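Atoms within a ligand are numbered from 1 in the order they appear, just like the ligands themselves. Side chains are part of it too, since the values below use all heavy atoms of this structure and drop only hydrogens, waters and symmetry mates. Model, not experiment: these values are computed from the prediction.
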Amino acid sequence: MEKEKIEKLIFQLLKEVGENPTRDGLKETPQRVAKVFDEIFMGLKKPKFADFKTFKTKTNGELIVVSKIPFYSICEHHLLPFFGDVVVGYIPAQNQTLGLSKFLRLVDYWSRRPFIQEELTEIICQELTENIPNSGVGVLIEARHLCMEMRGVRSSNALTKTECFSGELKTNRERRVEFFERVKEGL
Ligand code: ZN
């Protein structure tokens with residue numbers, strides 16, 4: 001991302017929406033926005049998150065649930081933030097589990113780009129399913145969308161919920177119920 005190009009575009013954008021980008025309060029805004037973009041779209045530039053190093057445990061087949069993983073992303077339709085919590089659950093296999101911080105970093109990596117909530121949910125589920133030994137993965141996201149709250153019907157505080165399952169959590173109803181019960185306890 002070329003910082004100067006972005007600065008110029010933001011300057012132009014401010015002009016087009018009817019502002020005066022040279023007035024005092026806005027003078028440094030293009031630089032600030034370029035910096036912010038660099039941070040919130042970081043996932044587009046970084047190499048794909050691949051740090052799925054697991055460690056050996058005695059646990060096998062017992063559901064592990066990690067809740068309240070915060071995320072901030074940008075809705076690809078309106079370029080406004082959507083944000084909330086991710087819950088990840090999985091059934092470990094081969095006595096291998098993933099360190100908790102890896103979940104946070106995986107979610108952070110995929111959030112930092114223009115995205116839609118459904119696809120963010122799916123990609124997190126897919127990445128975990130493919131990269132750690134498991135017999136099932138479940139991902140839930142609850143999010144607020146500023147494009148819903150600031151415009152249109154202004155449905156403030158509405159939560160959009162999405163979910164994605166793989167393996168046993170997809171095919172075995174009992175295990176999925178177990179997952180939702182654990183989520184309910186944790187939230
Ligand atoms: Zn939107």
Could you go through residues 112-119 and list every donor-acceptor pair under 3.5 Å that involves a side-chain atom there, pairing it with any protein atom two or more places apart or in another chain?
{"from": "R112", "atom 1": "NE", "to": "D108", "atom 2": "OD1", "distance (Å)": "3.2"}
{"from": "R112", "atom 1": "NE", "to": "D108", "atom 2": "OD2", "distance (Å)": "3.0"}
{"from": "R112", "atom 1": "NH1", "to": "E39", "atom 2": "O", "distance (Å)": "2.9"}
{"from": "R112", "atom 1": "NH2", "to": "D108", "atom 2": "OD1", "distance (Å)": "3.4"}
{"from": "R113", "atom 1": "NE", "to": "W110", "atom 2": "O", "distance (Å)": "3.2"}
{"from": "R113", "atom 1": "NH2", "to": "G43", "atom 2": "O", "distance (Å)": "3.0"}
{"from": "R113", "atom 1": "NH2", "to": "Y109", "atom 2": "O", "distance (Å)": "3.3"}
{"from": "Q117", "atom 1": "OE1", "to": "H145", "atom 2": "NE2", "distance (Å)": "2.7"}
{"from": "Q117", "atom 1": "NE2", "to": "I141", "atom 2": "O", "distance (Å)": "3.1"}
{"from": "Q117", "atom 1": "NE2", "to": "T160", "atom 2": "O", "distance (Å)": "2.9"}
{"from": "Q117", "atom 1": "NE2", "to": "T162", "atom 2": "OG1", "distance (Å)": "3.0"}

Parallel, tilted or perpendicular: ring planes of F179 versus F165, cut at 30 and 60 degrees: perpendicular
S166 versus T129, side-chain donor and acceptor atoms under 3.5 Å: yes
Polar protein atoms (N, O or S) that approach the Zn ion (ligand 1) to under 2.8 Å: C75 SG, H78 ND1, C147 SG
Check: Y90 and I132 side chains under 4.5 Å, non-hydrogen atoms: yes
Test side chain to side chain contact (heavy atoms under 4.5 Å, CB included) applied to V87 and V139, step by step: CA-CA 6 Å; V87 180; V139 177; over 6 Å; no
hydrophobic_cluster_shared for F52 and V66, side chain cutoff 4.5 Å: yes
